[in-house]
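Starting from 1, each residue takes its place in the sequence as its number. Quick note: numbers below take in every heavy atom, side chains included, and nothing from hydrogens, waters or symmetry partners. Small disclaimer: the values here were computed from a predicted structure and weren't measured.
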Amino acid sequence: MSPAELAAFLASESTMTVATIGPNGRPHLMPVHYYIDPAGRPATWTYAKSQKTRNLERDLRATLQVEAGHQYEELRGAMLEANVEIVREAGEVAEMGLHVVARYGGQDSAIADIPAKARARVLVQAPKRVGLRFTV
């Protein structure tokens, strides 16, 4: 894919598989919802105590996969090798969570359009979470 095709593909899909290296040396793959940050990087948030976070604390490298299609002839995907930044500042983590909620809860709505109840849930969860920014 060209850079423009890749950007369009990432913007059109909803789930990204994040592969990290587990404590036993084997790949650990987990799906996440994600958004594309203003710098064009995939980003998400996750629980600070999750296995993927613990794996990334040991090794800040990840492989990302986004795929689409159901029938064989429709299958397509992108694999991206990335360095990961773990974001721990609660306000920034909350903002990242709001971006994820805005994308998946409201069909790419703006953060300002998130209902108060959903916004409150994000703010309550933020202290237990970290943000993940992937530099491909």
Side-chain angles (χ1 to χ4, degrees):
M1 290 183 202
S2 71
E5 290 170 325
L6 178 60
F9 179 69
L10 293 176
S12 70
E13 296 306 316
S14 63
T15 305
M16 175 174 67
T17 301
V18 178
T20 59
I21 300 299
N24 60 2
R26 293 184 182 273
H28 177 265
L29 293 94
M30 292 304 297
V32 298
H33 282 146
Y34 67 97
Y35 68 99
I36 304 300
D37 78 5
R41 299 172 295 193
T44 193
W45 73 334
T46 190
Y47 285 103
K49 293 185 178 184
S50 71
Q51 187 63 54
K52 75 179 137 314
T53 300
R54 290 174 187 242
N55 293 345
L56 289 167
E57 288 169 341
R58 283 192 309 278
D59 185 342
L60 289 171
R61 296 175 300 163
T63 300
L64 313 173
Q65 179 178 308
V66 178
E67 61 184 80
H70 295 286
Q71 303 298 323
Y72 179 79
E73 63 276 3
E74 301 170 337
L75 295 178
R76 61 196 187 288
M79 183 195 78
L80 309 167
E81 293 178 340
N83 293 320
V84 184
E85 174 190 358
I86 301 174
V87 177
R88 297 185 187 278
E89 194 278 313
E92 198 171 351
V93 172
E95 184 174 337
M96 294 174 83
L98 290 169
H99 279 289
V100 171
V101 169
R103 182 162 188 219
Y104 295 97
Q107 305 291 327
D108 286 318
S109 64
I111 287 177
D113 297 334
I114 296 172
K117 206 175 211 179
R119 181 180 293 277
R121 281 193 303 268
V122 168
L123 297 177
V124 166
Q125 288 184 24
K128 301 176 207 168
R129 291 184 176 245
V130 296
L132 302 176
R133 278 197 200 101
F134 302 94
T135 301
V136 177

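Between Glu67 and Leu75, the closest side-chain pair of non-hydrogen atoms is not below 4.5 Å. At a threshold of 4.5 Å between non-hydrogen side-chain atoms, the residues Tyr34 and Leu64 do not count as touching. Thr44 places a side-chain heavy atom less than 4.5 Å from the side chain of Leu132. Contact of the Leu10 side chain with the Leu80 side chain is registered, since non-hydrogen atoms from C-beta on lie closer than 4.5 Å. Two residues are said to be in side-chain contact when any heavy atoms from C-beta on lie closer than 4.5 Å; Glu81 and Arg61 fail this criterion. No side-chain heavy atom of Gln125 sits under 4.5 Å from any side-chain heavy atom of Val93. Between Val130 and Arg88 the shortest side-chain heavy-atom distance falls below 4.5 Å. The closest side-chain heavy-atom distance from Gln51 to Asn55 is below 4.5 Å.
Distance CG/Leu98 to CG/Leu123: 6.0 Å, rounded to 0.5 Å. Going from atom OG1 of Thr20 over to atom CG of Asp59 covers 8.5 Å, rounded to the nearest 0.5 Å. Atom-to-atom distance recorded for Arg129:CZ and Thr53:OG1 is 9.5 Å, nearest 0.5 angstrom. Rounded to the nearest 0.5 angstrom, Phe134 CZ and Asp37 CG are separated by 11.0 Å.
Although no hydrogens or angles enter the test, the distance criterion places no donor-acceptor pair under 3.5 Å between the side chain of Arg103 and the main chain of Ile36. Between the side chain of Glu89 and the backbone N or O of Gly91, at least one donor-acceptor pair lies under 3.5 Å. In this structure, the side chain of Arg41 does not engage the main chain of Val136 through any donor-acceptor pair within 3.5 Å.
Under the 4.5 Å side-chain heavy-atom criterion for grouping Ile, Leu, Val, Met, Phe, Trp and Tyr, Ile21 is not connected to Val32 through any hydrophobic cluster. Leu60 and Met30 are members of different hydrophobic clusters when ILVMFWY side chains are connected at heavy-atom separations under 4.5 Å. Tracing side-chain contacts under 4.5 Å through hydrophobic residues (I, L, V, M, F, W, Y), one never reaches Leu56 starting from Met79; they form parts of separate clusters. In the hydrophobic clustering of ILVMFWY residues, with side-chain heavy atoms under 4.5 Å counting as a link, Tyr47 and Val101 come out apart.
Closest non-hydrogen pair, Gly22 versus Arg58, comes out as C-NH2, 3.3 Å. Of all the heavy atoms in Met16 and Pro42, the pair that sits closest is SD-CB, 4.1 Å. The minimum heavy-atom distance between Met96 and Ala43, with the atom names listed, is CE-CB, 4.0 Å. Residues Val122 and Gly97 come closest through the heavy atom pair CG1-C, 4.0 Å.
Under the rule for a ring-ring contact (aromatic ring centres under 6.0 Å, His included), the partners of Tyr35 that lie at least two apart in sequence or sit in another chain are His99.
One finds a salt bridge joining Glu92 and Arg133 here, because a Lys/Arg side-chain nitrogen approaches an Asp/Glu carboxylate oxygen to under 4.0 Å.
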